[in-house]
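This report refers to the structure that appears directly beneath it.
We count ligands from 1, going down the list as the structure has it; atoms in each ligand are counted the same way. Everything quoted here is computed from the prediction, not taken from an experiment.
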Amino acid sequence: MEFSIIAEIFERMENTAKRIELTNLLVELLKKTPKKIISNTVYLLQGIIRPNFEGVELGVAEKLAIRAISKSSGLSIKKIEDDYKKCGDLGLTASNILKLKTQTTFTAEKITLERVYETLFRIAKLEGKGSQDLKMKYISSLLNDATPLEAKFVLKILLGTLRLGIAENTIMDALAIAFTGKKENKEQIENAYNVSSDLGKVSLLIATDGIDEIKKFKISLFSPIRPMLADRVKSEKEAIKKMSKIFAAEYKLDGERVQIHKNVNEVVLFSRRLENITQYYPDIVENVKKSLSVNEGIFEAEIVPVNENTGEFLPFQELMHRRRKYKLEKAISQYPITVNFFDVLYFDKKDCLNLEYSERRKILEKLVNEDDFSKLVPMLLVKNENDIEDFLENSINSGCEGLMLKTLDAPYRAGARGSNWLKLKREYRNELGDSLDLIVIGAYFGRGRRTGLYGTLLLGTYNPDKDNFPSVCKVGTGFTDESLDQLYQILSNKITLKKNSRVVSEMEADVWFEPELVLEIVASEITLSPIHKTGLNLIRKGSGFALRFPKFTGKIRYEKAVEDASTDEEVLTLYKGQSKFSQVK
Ligand code: AMP
């Protein structure tokens, strides 16, 4: 298929924010797309080239793209950077620059979607010495044959800046309409997506075999299931109101969630964001071969660092030692862990998702052979506030965050947040209530002890409707020397020449970042602010929300994508909760 077809539809998508129009455009595109390239088209629509869990990343930096544009246009790097500074989008720059070029040279060969996809795939697979130069060659050769419009979108896909305003939800609506004629069939498509995390695979199936096959869609090992998520409650009382008469309470451990896929030969571990994290935990791979009595299985557990001598849980940050290159062996012996199982989703050809929680727990207890390394998450059946209070106390005393409360007869709802799982944390009962997970969008250089590092960070929330990151506070407390160093290392790789177009802020930061890193923050109060943009106009026209006395808790939430960060709705809820609290006071 000619790439111009997709580029023109992308262009029309960029010019509308209306979901119906976007869906119609998608339907048009899907219908035009030959079946054999439908998966790849859908990946491109998601801005990826393979499902996320396969970890195929393009890894193209702005600098490299600028070199490629320069090579294929014959213009200097400086000219290209100047245009980029003006328009703030390298895709546009590529298109502007190529417009100049096409007046002189004319290219005949049309580029196809297949070619663009293959080139991107090859670029992603390149590594090692000389790979940067090869990547640059591949990109410039595509640009040589591309029209300005095509170049714009090739670049956006390459740099991961394609923002068509379409969420997975809209793609699923469009798949239902394009291939079944009925939007209602989306539910089946969504189910298939939730258990495979692979929209490309689901699209191919619906395009070729239709909705009946989708209805029969099965879990497959090594394709991660989208995790079930919990609602939060502030108190035991609120929990009792939301739950039925008797329910399960489990310790809420403070570690890293892992989905373990196992057959007789292989173990693969996925993070909460469904990235393959097997390489960081060879000790888990070894241990679960013994501790899980199944040939095949999919389990969920929380990885928690422990003190080997006392068995006490240690802070979640200790897990980060596992992420340091070249030091894994040392980390394994110096920072031992336990794996604490809390769910079973599949075992030996049996899909457990539709089983009730109580049944799944029974199966889990049978399949996990507990030892010093593999454990079951402590669970108790509870029915009143006192029960919860006692169990919460025990959980906090053993170093946990609080409790997870689970409805006994509820199935596992993949990919869904709901009230069948409730989280109750101890801090929820203090004044502001919850901690927030905020995105680092910019920074200011430090002084004194912090010279040369970032002394203060500018943080934002996530607005899912607009798919952007409005600012909410600056934070300069809660950092240790070590964490300042660590953040500097991490953030220096995320610097952008200009403020990212999804960042909404009127502040002038010393440096701006790709919004990618999430930090946990506590604060004493939420106030209305004329400066910050989170929740703008929700309470008062012209005002957003700001955090007062924000403090970094020390937790970098590596496991959270920026789209999982706190939203302006959540800040609004906390703001309202706090005003009620002060009225009572
Ligand atoms: P939060 O990240 O605060 O939204 O809390 C949800 C997270 O709690 C999950 O993603 C798990 O990593 C973690 N967790 C800890 N203990 C449990 C448990 N017993 N059941 C489910 N999730 C748990």
Please confirm whether the ring centroid of [X] lies under 6.0 Å from the ring centroid of [Y].
X	Y	answer
Phe545	His532	no
Phe391	Tyr251	yes
Tyr454	Phe513	yes

What part of [X] sits under 4.0 Å from ligand 1 if we count only heavy atoms: the side chain, the backbone, both or neither?
X	result
Arg272	side chain
Glu256	neither
Arg557	side chain
Lys252	both
Lys425	side chain

Suppose I only count heavy atoms of [X] and a 4.0 Å limit; which atoms of ligand 1 are within that range?
X	result
Val377	19 (N)
Glu250	18 (C), 19 (N), 20 (N)
Lys423	1 (P), 3 (O), 4 (O), 5 (O)

**Message:** Using only atom types and a distance under 3.5 Å, with no angle test, would you say the side chain of Asp564 pairs donor to acceptor with the backbone of Ala561?
**Reply:** yes
**Prompt:** Side chains of Asn463 and Asp568: is there a donor and an acceptor less than 3.5 Å apart?
**Reply:** yes
**Asked** Quick one: does Met379 get within less than 4.0 Å of ligand 1, heavy atoms only?
**Response** no
**Item:** Ser197 to Pro224 - nearest heavy-atom pair and separation
**Value:** OG-O, 2.6 Å
**Request:** Determine the minimum heavy-atom distance between Arg323 and Tyr281, stating which atoms define it.
**Result:** NH1-OH, 3.7 Å
**Message:** Less than 4.5 Å apart, side chain to side chain, heavy atoms only: is that true for Ile277 and Arg322?
**Reply:** no
**Geometric N/O contact Glu302 with ligand 1, under 3.5 angstrom** = yes
**Message:** So for ligand 1, is Phe342 a polar contact partner (N or O within less than 3.5 Å, distance only)?
**Reply:** no
